Amino acid sequence: MEMINALNVLNSFSLAEIEVGNHFYWEIGNLKIHGQVFLTSWFVIAILILASLAAIRNVQIQKAPSGIQNFMEFVLESLRDLARAQLGEKEYRPWLPFIGTLFLFIFVSNWSGALIPWKIIEIPNSELAAPTNDINTTVALALLTSIAYFYAGFSKKGLGYFANYIEPIPILLPIKILEDFTKPLSLSFRLFGNILADELVVAVLVFLVPLFVPLPLMALGLFTSAIQALVFATLAGAYIHEAIEGYDEEHE
Amino acid sequence: MFDFDATLPLMAVQFLILMFLLNQIFYKPLNNALDERADYIRKNQTEARERLSEAKELASQYEKQLAEARKESLQIIAAAKAEAKKIAEEQIAEAQKEAQAKREEAAKEIDAQKQAAMQSLEQQVDVLSRQILEKLLGPELVK
């Protein structure tokens, strides 16, 4: 008991606490939602919208862009490259907003979780963290990706999309059907697991050794956060491409 | 950790709203800007390329003209040299002819004078020999 008290004293000094599964519930009607997730996601959305608005405030076309416009154009070009690498020159344009927004939202969420000391702001029952360390967010994004690639497949080929399941050989049909379930599952759990684990590792280390030792892991966390955003967006693009492109066309 | 509730659909809706918003204020305008700039650059590049080829054409034209002019000038110089040579030769020939004529004239004159001198000498010889005869034989015998 005294040990626990000592720990609590220690806890009250540090900025980090390890809490998983405590949520700051809001109730709308009889629906429960996780308030802390929405608070930080609104912050992320606000950052994205403000940056965009600042970038397009007066768009320079004939001169070299400067400042925020230059930065956002660089971001957009990277996103275009990302989408183009997956979907090809002809198809990537309509899917750019989806893939790009996936990347931007996940990336800014992850980095906001890693860089902004949310723990300073106290909210009841829970703590603020990256929106992507809540399973609801990642599953929402992964399901949207699933819907997106089904939509892409059906809008491109109509019911012919089902031919994808028996090409190149019908024996793969069960695996192909299974894939439709594993894709969103792996997407959401990969992101969720990475971000949550990263925050937990940093929190545990901060709890054990408050100074300097967690820094390399924090840097590593920034790196994995960026990679996870990239992986999510790239995979979304790859799935959409898979749905659009038929087996025959690919080998022509 | 794994409690799913209304957060999930709301987050999805929120994401879709964000996507449409960003499409309006980020993707569309900046894509347009990038495309327009690419067009602008491409236009400028083709214009510049056209101008460059024009300039090259002009330069080659000038060079051709220059070469022609050089050739022409060489021809003119050669013609002038040939003419000068011809004139010089003509004049030399003329001068030689003149000199020849003068020499011949002089020779003729010399001959004439020689002839005249000889004639007068002969006369004088006649006179002198007559006088010698007169002196030796006496004037009456000499007739």
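Computed over heavy atoms, backbone and side chain alike; hydrogens, waters and symmetry mates excluded. Just so you know, these numbers come straight off a predicted model, no measurement behind them. In what follows, chains carry the letters A, B, and so on, assigned in the order in which the sequence lines appear, proteins first and then strands, with residues in each chain numbered from 1.
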Query - Pairs of heavy atoms under 4.5 Å with chain B: top-ranked of Val37(A), Asp134(A), Leu96(A) - result: Leu96(A)
Report task. Considering only heavy atoms and a distance below 4.5 Å, find which of Gly35(A), Ala51(A), Gly100(A), Pro131(A) pairs most often with chain B. Result ->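 Of the candidates given, the most pairs with chain B belong to Gly100(A).
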Report summary line: In terms of heavy-atom contacts, Met19(B) and Pro97(A) come closest through CG-O, 3.8 Å
**Report entry** Smallest separation among heavy atoms of Ala140(A) and Ala12(B), with atom names
**Finding:**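 Taking every non-hydrogen atom into account, CB-N, 3.8 Å.
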Query raised in the report: Does the Tyr27(B) side chain pair with the main chain of Leu76(A), one donor and one acceptor, at a distance under 3.5 Å?
Result: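 Absent.
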Query - Donor-acceptor under 3.5 Å (Ser52(A) side chain, Ile25(B) main chain) - result: no
Is [X] atom [atom1] crowded by more than 12 heavy atoms from other residues, nucleotides or ligands, each under 6.0 Å away?
X: Gln115(B); atom1: CD; result: no
X: Gln65(B); atom1: CD; result: yes
X: Phe154(A); atom1: CZ; result: yes

Query - Engaged part of Asn44(B) at the chain A interface, taking heavy atoms whose separation is under 4.5 Å - result: neither
**Report entry** Part of Leu22(B) lying under 4.5 Å from any heavy atom of chain A
**Finding:** side chain
Distance from [X] atom [atom1] to [Y] atom [atom2], nearest 0.5 Å?
X: Ile45(A); Y: Leu18(B); atom1: CD1; atom2: CG; value: 5.0 Å
X: Arg93(A); Y: Asp35(B); atom1: CZ; atom2: CG; value: 4.5 Å
X: Phe98(A); Y: Leu16(B); atom1: CZ; atom2: CG; value: 8.0 Å
X: Phe15(B); Y: Leu143(A); atom1: CZ; atom2: CG; value: 12.5 Å
X: Met72(A); Y: Leu30(B); atom1: CE; atom2: CG; value: 7.0 Å
X: Phe105(A); Y: Met11(B); atom1: CZ; atom2: CE; value: 4.5 Å

Query raised in the report: Which one of Ile41(B), Asn23(B), Leu21(B) has the most heavy-atom pairs closer than 4.5 Å to chain A?
Result: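 Top option by heavy-atom pairs under 4.5 Å: Asn23(B).
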Check each atom of [X] against the heavy atoms of chain B and say whether the ones under 4.5 Å are side chain, backbone, both or neither.
X: Leu102(A); result: both
X: Leu48(A); result: both
X: Ile56(A); result: side chain
X: Ile49(A); result: both

Requested in this report: Could you check Thr137(A), Ile135(A), Asn136(A), Thr138(A) and say which one makes a side chain to side chain contact (heavy atoms under 4.5 Å, CB included) with Leu8(B)?
Outcome: Asn136(A)
Query raised in the report: Would you say Lys32(A) and Thr7(B) make side-chain contact, with heavy atoms under 4.5 Å?
Result: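 A side-chain contact is absent here, since even the closest heavy-atom pair is not under 4.5 Å.
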